[in-house]
Amino acid sequence: MSATASSIPPPPATTTIRSCATATASPPASPTPRVLASTYDITGQVNAGANAVGLILGHGWYSAEPDNGPGPFPRTPWGDRPAALLRIEIETAEGQRVTVVSDGTWRTSAGPVVYNDYSHGEHYDARKEAPGWDRAGFAAAGWSPAAEVRAPAGRVRAQLLEPVRVIETLSPVATTRADEGRQVVDFGQHVSGWTAIRVTGPAGARVELRHAGEVDADGNLDDDANTQSWLAARQTDVYTLKGAAEEIWEPRFTLHGFRHVEVTASSPEVELHEVRARVVHSDLEPAGTFACSDDLLNRIHRNVLWTFRASFQGFPQDAADRAERVGWVGDPGWSVEDYLYDFEARAFWLKWLDDLAGTQLPDGRFPTICPLQWRGKVEMQEALDSQEYGDLEKAREELPDDWSAVIYWPYAPLPDFAMTSYPSIAWNLYRFYGDRSILERHYPGMRRGVEFLRTRAKDLILSEGLGDHMEPQPDGTCSLSPNRTPVELTSTAWFHAVTTMVADAAAVVGEDADAARYRELAEAIRTAFNDRFLDPATGRYATGSQTAQAMPLWFGIVPDEHRDRVGRVLVERIESDGGHLSTGTMGTAALQNVLTGIGAADAMYGIATKTTFPSWGQQVERGATTIWETWGGDPTFSRNMKLMAMIEKFLFNDVAGLAPAEPGWRRIRVRPALTHRLERASARLRTVRGDASVDWHAADGALDIVVRVPATSEAEIWLPASAAAPAELTKDGRTMWRSGANGVEGVRRSGEHLVIEVGGGSHRLRLAPARD
């Protein structure tokens with residue numbers, strides 16, 4: 001740990017001071033590097049008279065402790081020690097400007113943070129504190145001049161992203177004393193953050209805090225998910241007391257995924273007065289709410305919310321509880337809509353799109369993780385303990401056409417993951433917010449990505465990829481690679497999907513020639529896909545697995561004349577699987593996107609409410625408070641990962657019935673699909689045009705629904721109404737349609753539904769059996 005302090009000249013005593021401070025750390029080298037600066041308003045911290053400035057620096061993602069390892073896993077540090085540039089600008093009421101910039105005249109010294117690692121923890125020795133070091137007048141005797149370092153490459157830009165901060169504090173729900181000096185605290189919720197303690201005891205006594213998501217049958221901490229996993233994380237903090245009357249401490253430079261913390265004191269004289277869990281993530285506002293009459297669905301929804309919260313760490317973080325806390329490029333591309341229903345995260349995703357754009361290579365390829373924390377060469381023929389890792393820049397120059405011998409992380413041969421997030425997130429942000437500038441900014445990179453995929457495809461079929469990752473197996477485990485669905489099918493399906501997105505984006509930004517060209521390419525991929533995988537006689541794609549059937553339905557690849565048959569095969573496969581899903585991450589996203597659309601909302605509801613393996617419900621029954629990395633909770637895998645959290649779109653679109661029909665929610669579709677299975681459901685979403693909401697209640701053969709439409713939007717409301725059953729529709733208590741009526745303005749029949757067109761405002765509708 002390094003600390004610096006410097007006095008700044010005092011302003012006139014009667015002057016009103018407005019000030020701001022900007023701190024930056026050197027960014028990673030990338031094809032187009034960016035230096036992101038955070039800005040703070042420190043007006044309230046500047047006093048008349050003498051002032052001082054102090055910084056406490058930790059490694060973060062930039063540098064690392066010696067025990068970090070050689071890389072590329074768990075990460076390759078960018079520098080050997082923390083570095084910062086700080087600039088303070090003060091403007092007085094009289095117009096005087098004072099600027100202070102960190103330089104070699106500042107003083108630095110080691111401090112009480114004696115060890116810090118983002119995953120392993122922080123060790124803090126309070127005896128090493130220097131009281132008053134960050135106040136004016138401190139005598140920095142023995143402190144050394146700060147070392148000046150070379151400025152990072154790239155232009156400094158403001159980081160227009162909500163900060164990561166303590167969002168919530170949880171108190172224990174239970175405490176178990178394991179033995180003398182050791183206790184296990186349960187906070188009742190798996191979170192991403194750290195713990196804060198209030199303690200008394202003699203100087204030199206230590207308090208050790210070990211974090212994990214589970215306890216064993218005897219109540220002891222079970223840390224297999226973080227210490228016995230790939231890329232293990234100790235998640236251990238140590239506080240050494242200074243012997244004051246009462247000491248309050250929490251770490252600054254680490255992050256843990258945990259529900260339980262084991263607290264161990266080195267001396268019986270140590271008394272732990274309080275321990276609390278600090279919930280830490282990007283400070284994003286909630287966007288939507290959901291509730292229904294099925295408590296299991298409500299609990300699953302709550303688990304998804306907590307999982308998403310843990311992943312918001314300035315980028316979409318992966319496993320919350322081990323050292324693999326990088327931003328995987330892949331699953332965010334097929335779960336971004338789920339995120340958008342729950343959180344106002346436009347700035348968050350736009351920042352990550354810029355991160356991705358900055359890592360795209362000239363040939364169009366994207367990395368598998370972003371930011372670039374895994375960097376190096378992996379010789380695939382050599383044993384793990386003898387691998388050599390080369391320099392990133394040299395590796396980029398040597399990227400081979402044949403990936404069988406060498407993998408250059410993070411540019412690994414996984415196009416289905418690496419190449420999907422960028423176009424999908426850009427396109428879905430446009431759909432949700434209606435902001436054309438998003439596509440104008442990112443369309444060139446989207447187009448280059450498709451061209452790269454074209455170079456990797458043979459006869460328009462992609463054979464590389466990770467595939468339907470974490471597919472459930474009969475023995476209750478999950479497979480890293482799929483056994484039911486060919487990788488060629490899922491990768492090529494995504495090739496078609498992103499090509500279609502690029503064609504649609506081209507049309508939006510006025511690139512009409514590109515739009516036509518990429519629609520032609522998408523149709524060619526569609527033809528090649530069906531020629532390769534579809535059996536027209538049976539309606540089966542490849543193996544006929546759930547994923548194999550659902551992916552082409554999701555992406556509009558199925559020929560119109562075969563769509564019904566392909567859908568029936570999917571439903572029959574679900575039935576033969578006992579009503580369970582049998583999908584990994586891609587297939588799970590596909591199911592929630594297609595089942596209601598093919599008239600199988602009941603099948604999706606059955607999947608969502610199962611409480612046996614594999615299901616979200618089984619996790620709830622086993623006490624999960626977040627979504628697990630694997631369906632069955634394999635012991636050495638994460639207990640808090642976004643990988644399988646794709647159910648929010650089903651809950652909002654199909655259970656509650658609230659969905660966008662046009663970009664930016666200019667037109668809204670309200671179509672609840674389970675009014676015959678549930679008593680009630682509701683959803684509310686803060687759209688760019690205002691709040692949109694739906695609240696329905698079904699009882700005694702009648703359906704009551706209240707729909708709120710933003711003033712500048714319009715909506716189409718689909719109500720289930722069998723043509724064979726006499727019914728009456730009222731709006732705000734007045735009859736607007738009865739069975740047998742024709743030509744009613746604003747009402748039309750479409751199959752087994754009545755469709756009502758409404759404008760902005762609140763609309764109360766009731767569909768009930770017709771009165772005699």
Side-chain angles (χ1 to χ4, degrees), residues 1-5 45 52 54-59 65 82 108-118 120-135 137-140 142-143 165-187 191-212 221 234-256 258-280:
M1 191 278 291
S2 297
T4 62
Q45 295 163 280
L55 291 176
I56 304 175
L57 300 182
H59 292 300
E65 296 284 353
T108 183
S109 174
V113 179
V114 296
Y115 177 94
N116 71 97
D117 182 85
Y118 189 66
H120 293 317
E122 179 177 320
H123 299 180
Y124 187 97
D125 189 342
R127 297 171 301 178
K128 296 180 180 293
E129 292 177 347
W133 71 273
D134 55 351
R135 298 187 183 94
F138 176 75
W143 286 40
R165 56 164 55 110
V166 175
I167 303 298
E168 188 175 349
T169 299
L170 304 181
S171 297
V173 298
T175 300
T176 304
R177 296 192 179 277
D179 52 38
E180 187 65 30
R182 184 166 63 96
Q183 55 186 285
V184 177
V185 178
D186 179 5
F187 293 103
V191 304
S192 185
W194 54 72
T195 52
I197 59 173
R198 183 165 58 89
V199 65
T200 56
R206 290 160 42 102
V207 176
E208 182 180 87
L209 305 161
R210 288 202 306 134
H211 302 77
L221 199 72
R234 293 191 294 273
Q235 297 205 133
T236 300
D237 301 326
V238 178
Y239 179 72
T240 302
L241 281 72
K242 59 188 172 186
E246 183 176 88
E247 303 179 41
I248 299 174
W249 177 79
E250 59 188 283
R252 290 183 173 92
F253 302 117
T254 191
L255 194 71
H256 307 311
F258 67 101
R259 170 177 171 172
H260 306 270
V261 59
E262 179 191 82
V263 186
T264 303
S266 65
S267 167
E269 298 178 65
V270 172
E271 184 174 357
L272 183 68
H273 301 288
E274 188 177 26
V275 57
R276 297 172 297 162
R278 302 286 238 166
V279 181
V280 180

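Along the sequence shown, the residues carry numbers beginning at 1. Worth saying up front: this structure is predicted, and the values here are computed from it rather than measured.
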Once rounded to the nearest 0.5 Å, what's the spacing between atom [atom1] of [X] and atom [atom2] of [Y]?
| X | Y | atom1 | atom2 | answer |
| --- | --- | --- | --- | --- |
| Thr254 | His120 | OG1 | NE2 | 9.5 Å |
| Phe187 | Arg259 | CZ | CZ | 11.0 Å |
| Lys128 | Thr240 | NZ | OG1 | 9.0 Å |
| His260 | Asp186 | NE2 | CG | 4.5 Å |
| Glu271 | Arg198 | CD | CZ | 9.5 Å |
| Arg278 | Leu255 | CZ | CG | 13.5 Å |

Considering non-hydrogen atoms only, spot the tightest contact between [X] and [Y] and give its length.
| X | Y | value |
| --- | --- | --- |
| Pro251 | Thr195 | CD-O, 3.4 Å |
| Gly54 | Trp133 | CA-CZ3, 3.6 Å |
| Ala126 | Tyr239 | CB-OH, 3.4 Å |
| Leu241 | Thr200 | CD2-C, 3.6 Å |
| His256 | Thr236 | CE1-N, 4.1 Å |
| Pro82 | Leu57 | CB-CB, 3.7 Å |

#### Entry: Side chain proximity check, Leu209 to Trp249, heavy atoms < 4.5 angstrom
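Result yes, sub-4.5 Å side-chain heavy-atom pair found.
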### Task
Check whether any side-chain heavy atom of Glu168 lies under 4.5 Å from a side-chain heavy atom of Val166, and answer yes or no.
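With C-beta onward as the side chain, the pair stays apart.
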### Query
Glu250 and Tyr124: side-chain hydrogen bond (donor to acceptor under 3.5 Å, both in side chains), yes or no, with the steps?
CA-CA 9 Å; Glu250 59 188 283; Tyr124 187 97; over 6 Å; no
### Query
Taking it one step at a time, do Glu247 and Ile197 satisfy side-chain contact (heavy atoms from CB on, under 4.5 Å)?
CA-CA 8 Å; Glu247 303 179 41; Ile197 59 173; over 6 Å; no
### Over 12 foreign heavy atoms within 6.0 Å of CZ, Arg234
yes
### Residues that Arg135 engages under side chain to side chain contact (heavy atoms under 4.5 Å, CB included), provided they are two or more places apart
none
#### Entry: Polar side-chain atom of Asn116 near backbone of Glu122 as donor-acceptor pair, under 3.5 Å
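Between the backbone of Glu122 and the side chain of Asn116 there is no qualifying donor-acceptor contact (under 3.5 Å).
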